[in-house]
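Right, one structure below, let's go through it.
Note on naming: letters A, B, ... go to the chains in the order of the sequence lines (proteins, then strands), and numbering restarts at 1 for each one.
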Amino acid sequence: MHDIKAIRDNPAGFDAGLARRGLAPLSSTLLAIDGERRDLLQKLQETQTKRNELSKQVGDAMKAGDKPRAEAIKAEVAALKDALTQGEEGERLITQKLNDALSVIPNIPLDEVPDGADEHGNVEVRRWGEKPAFNWEPRQHFVIGERLKLMDFETAAKMAGARFVVLKKQMARMERAIANLMLDIHTSANGYTECYVPMLVSDKTMFGTAQLPKFAEDQFRTTDGRWLIPTAEVSLTNTVRESVVEEADLPLRLTAYTPCFRAEAGAAGRDTRGMIRQHQFSKVELVSITTPEQSRAELERMTGCAEAILQALGLHYRVMKLCAGDMGFGSRLTYDLEVWLPGQNAFREISSCSVCGDFQARRMDARYKPTEGKGTRFVHTLNGSGLAVGRTLVAVLENYQNADGSVTVPDVLVPYMGGITKLGAVK
RNA sequence: GGAAGGGUGGCCGAGUGGUUGAAGGCGCACGCUUGGAAAGCGUGUUUACGUGAAAGCGUAACAAGGGUUCGAAUCCCUUUCCUUCCGCCA
C-alpha cells in the first residue's frame, strides 16, 4: 500500500515508477480523490466543532436551570444533524474509494532494478557450481521417480485431481530430509527463528501481504471464509501485524516449513507433468522484519542464506536480478535463484527473495519504535524461499541420477536419510 | 456447540449520559534537592488525520462496527477476542 502523502509530494516520481511496471499514470486520479476527501473532511470537522460547542451550551443552560434556552439550542443542533450524517457517510465512502484504489497498485521498483517487460529482461548476477556431466540422456525427475515406483501421480489424481503427487518410501523420506536440512541450516548457521504457524488465515491477513484483493483467484478459500496460505510468507510476515516492535529487536528473522496451496489459475498447460507446478507443495520460507536502513543489505544476506542450501546440496545455480516487469506485486527488488535441471536442460526457479520496503507494513500496520526520537515508523519486510522443497527434490533427482535409474543421495542428506546412500538400491 | 462474566492510556485501575482525552497509582522523561545516590518535591508523559512556516488550533479514537441522544467510555444492536464452567475432540 502506498502512502498518499508521498504521492502528493512527488506525483511524477510515482507515475515514473508505475511506468517501469508497464502501468499507466495514476497519480492525478488518486490526488483528485485525495483532494475531494480532504475538502469533505474539513467541512465535516467544522460542523462537528459547531455541534460540540452548542452541545456544551445545552449542558450549561441546564445547569443554570434555563430550560427554554436549552431547548432553543437543542433545536439549533438538531438542524445540523443532516449535514453531519451526510458528512460522515461521505467521508467513509471517499476514504474507502481511496483505499480501494491504492490497494490494487503494485510496489514501486528500486532504481537499481533493471528495465524490462518480462523474464527476458532479467539480469544474471552470478553463477555457482557446474553442470554435471552425463554421457547419456539425463531423465526428467518424474521419469526417475515413477520408474523407481517412489513417485505416483496417478494415485494422487484419483483422489485429488491433477497437480498433486503421492511420494512413497525413500522419496517421501527425502522430502522430509531436505526440509530438515534446510531448517537446521537456517536456525543454526543463519540465525532464523523456527515457527509453526497457521496455514488457514483470514481476509485481512491475506490483505496484509497483498494476496488480496487482487489475487483472490490464485488462492483456495475455505467454506468458512478463510484462505489456505500460498506461502508461509503470509503467516510469518503477519506475526507483526498491528503491532509495534522495539528497534533493538530488529531484524527479526523467521522461518517455517509449511505446505503451500496455489490454485494455479493462470497456469493451464504449463508444467503439467511432474512436481514443478503443484496445487500443494512444501516450502521452507524465510522472512525478515527490519528497519528501513537495514532492509537492502538484509536482502543480500537472505539471498545468501538460500544459496547456502543449494551449495550444501552441491546443486549448480544462477542468481537472477528480476527486471521491473517480472517482479511480484509487493516487491521493490527481487533475486530469483534458478537451479540447473539436467533432465529439462534448463535453469528453473527454486527461490525468490524480495524486499518489500514498507509496502506490506502499511497494509498490516506493522511498526517499530526507534531507539532514539519520538513516535513510530513502519518496518520493512522481506521474504524468500529457503527453498521450495518439492523443486529441491526435483533438482536432487535430476542432478544425482545414475545411468541405471538409481539416484545417489547427496552427502549432506545421508544422515537425514538414516544412512541411505542411494535411492533404488534398497529392494 | 451451550451457559456466565469480561475487554478503559506503556502497565495497574477508577469511571452508568454533560469542561472525562479520560481520576488515582506504577513506569518513564526533565527539573529542584544531594558530595553522589535513594527518598522527597515539582513539571511533563497516547495516537491518527486535517490545518499552519512554526507555536498552535480543530476533528476522531475507552475491543471493532452500527444505532439512540442536543450530548455516550457510560444506554441499545451486531461482530470479535479473552476468562470460567459444560459438551465434543487429536
Side-chain angles (χ1 to χ4, degrees), chain A residues 1-9 11 30-103 196-208 212 222-227 235 238-250 258-259 358 361-379:
Chain A
M1 188 86 107
H2 291 284
D3 179 9
I4 188 66
K5 277 188 279 189
I7 299 172
R8 217 185 279 154
D9 290 344
L30 293 169
L31 291 181
I33 302 172
D34 177 49
E36 197 185 331
R37 179 175 169 273
R38 285 191 289 163
D39 287 347
L40 246 158
L41 200 56
Q42 205 165 339
K43 276 186 204 131
L44 173 64
Q45 291 186 353
E46 280 165 17
T47 316
Q48 285 170 326
T49 308
K50 200 184 278 181
R51 178 203 56 195
N52 291 346
E53 281 168 359
L54 290 173
S55 290
K56 200 177 275 184
Q57 289 177 27
V58 174
D60 292 343
M62 301 273 266
K63 254 184 243 163
D66 190 347
K67 266 248 169 93
R69 196 172 119 74
E71 288 303 322
I73 303 169
K74 270 193 202 182
E76 209 178 320
V77 188
L80 294 175
K81 193 160 184 178
D82 276 355
L84 276 170
T85 315
Q86 273 177 36
E88 283 165 12
E89 178 68 7
E91 192 272 335
R92 204 158 37 223
L93 288 174
I94 194 86
T95 302
Q96 183 71 47
K97 188 174 167 188
L98 183 61
N99 285 336
D100 286 352
L102 286 171
S103 64
Y196 175 82
V197 294
M199 291 156 215
L200 250 41
V201 299
S202 65
D203 288 344
K204 60 179 188 173
T205 299
M206 290 286 271
F207 180 87
L212 294 180
T222 64
T223 51
D224 72 345
R226 284 179 242 264
W227 302 84
S235 310
N238 274 283
T239 55
V240 293
R241 81 164 9 261
E242 290 166 44
S243 69
V244 181
V245 298
E246 295 295 328
E247 179 173 1
D249 295 332
L250 300 178
T258 71
D358 62 5
R362 287 179 181 282
R363 292 175 161 254
M364 295 188 299
D365 190 22
R367 291 166 293 154
Y368 75 97
K369 197 170 166 42
T371 320
E372 305 205 346
K374 281 181 65 177
T376 55
R377 300 170 75 196
F378 287 109
V379 297

Which whole-number value in Å describes the distance from [X] [atom1] to [N] [atom2]?
X        : N     : atom1 : atom2 : value
A:Glu242 : B:A48 : CD    : P     : 15 Å
A:Lys369 : B:G27 : NZ    : C1'   : 13 Å
A:Asp365 : B:U47 : CG    : P     : 13 Å
A:Tyr196 : B:A90 : OH    : C1'   : 11 Å
A:Glu246 : B:C11 : CD    : P     : 12 Å
A:Asp3   : B:A48 : CG    : P     : 12 Å
A:Arg37  : B:A48 : CZ    : P     : 14 Å
A:Leu80  : B:U59 : CG    : P     : 14 Å

Charged N to carboxylate O below 4.0 Å: is that the case for [X] and [Y]?
X       : Y       : result
A:Asp34 : A:Arg38 : yes
A:Glu89 : A:Arg92 : yes
A:Lys74 : A:Glu71 : yes

**Report entry** CA sep, side-chain torsions, deciding dist, call: A:Asn238, A:Val201, side chain to side chain contact (heavy atoms under 4.5 Å, CB included)
**Finding:** CA-CA 10 Å; A:Asn238 274 283; A:Val201 299; over 6 Å; no
**Report entry** Annotated protein contacts, base or backbone, on nucleotides 66-79 of chain B with a non-hydrogen cut-off under 4.0 Å, one of B, S, - each
**Finding:** S--SBS--------
Report task. Using modelled atom types only, decide if a donor and an acceptor are shared between the side chain of A:Arg241 and the backbone of A:Lys204 within a distance under 3.5 Å. Result -> yes
Query - Donor-acceptor contact present, side-chain A:Arg37 to main-chain A:Thr95, <3.5 Å - result: no
Query raised in the report: Which part of the nucleic acid, if any, lies within contact of A:Arg69, taking any heavy atom under 4.0 Å across all strands shown: a base, the sugar-phosphate backbone alone, or nothing?
Result: nothing
Requested in this report: Under 4.0 Å between any heavy atoms, over every strand shown, what does A:Asp60 touch: base, sugar-phosphate, or nothing? Just pick one.
Outcome: nothing
Determine which nucleotide pairs with [N], using a 3.5 Å limit on both distances of a Watson-Crick or G-U wobble pair.
N     : value
B:U34 : none
B:U43 : B:A29
B:G58 : B:C49
B:A23 : none
B:A3  : B:U84
B:U68 : none
B:A73 : none

**Report entry** side chain to side chain contact (heavy atoms under 4.5 Å, CB included) evaluation trace for A:Asp3 with A:Leu102
**Finding:** CA-CA 9 Å; A:Asp3 179 9; A:Leu102 286 171; over 6 Å; no
Report task. Can you measure from CD (A:Gln86) to CG (A:Leu44) and round to the nearest 0.5 angstrom? Result -> 11.0 Å
Report summary line: d(A:Lys81 NZ, A:Thr47 OG1) to nearest 0.5 Å is 14.5 Å
Query raised in the report: In terms of side-chain heavy atoms of A:Gln48, which of B:U47, B:U59, B:C49 is nearest?
Result: B:U59
Requested in this report: Determine the Euclidean distance between corresponding P atoms of B:A63 and B:G21; express it in Å to zero decimal places.
Outcome: 16 Å
**Report entry** Distance, C1' atom - from B:A73 to B:A60, rounded to whole angstrom
**Finding:** 14 Å
Report task. Would you indicate, yes or no, if B:U59 has its OP1 or OP2 atom less than 4.0 angstrom from a side-chain nitrogen or oxygen of A:Thr49? Result -> yes
Query raised in the report: Quick one: is B:U19 close enough that its OP1 or OP2 comes under 4.0 Å of any side-chain N or O from A:Asn52?
Result: no
Query raised in the report: Between A:Asp100 and A:Gln96, is a side-chain hydrogen bond (donor to acceptor under 3.5 Å, both in side chains) present by the stated rule, with each step listed?
Result: CA-CA 6 Å; A:Asp100 286 352; A:Gln96 183 71 47; 3.0 Å; yes
Report summary line: Contacts of A:Asp365 meeting side-chain hydrogen bond (donor to acceptor under 3.5 Å, both in side chains) (sequence neighbours excluded), chain-then-number -> A:Arg367
**Report entry** RNA chain B contacts among residues 38-47 of chain A, heavy-atom distance under 4.0 Å
**Finding:** A:Arg38, A:Leu41, A:Gln45
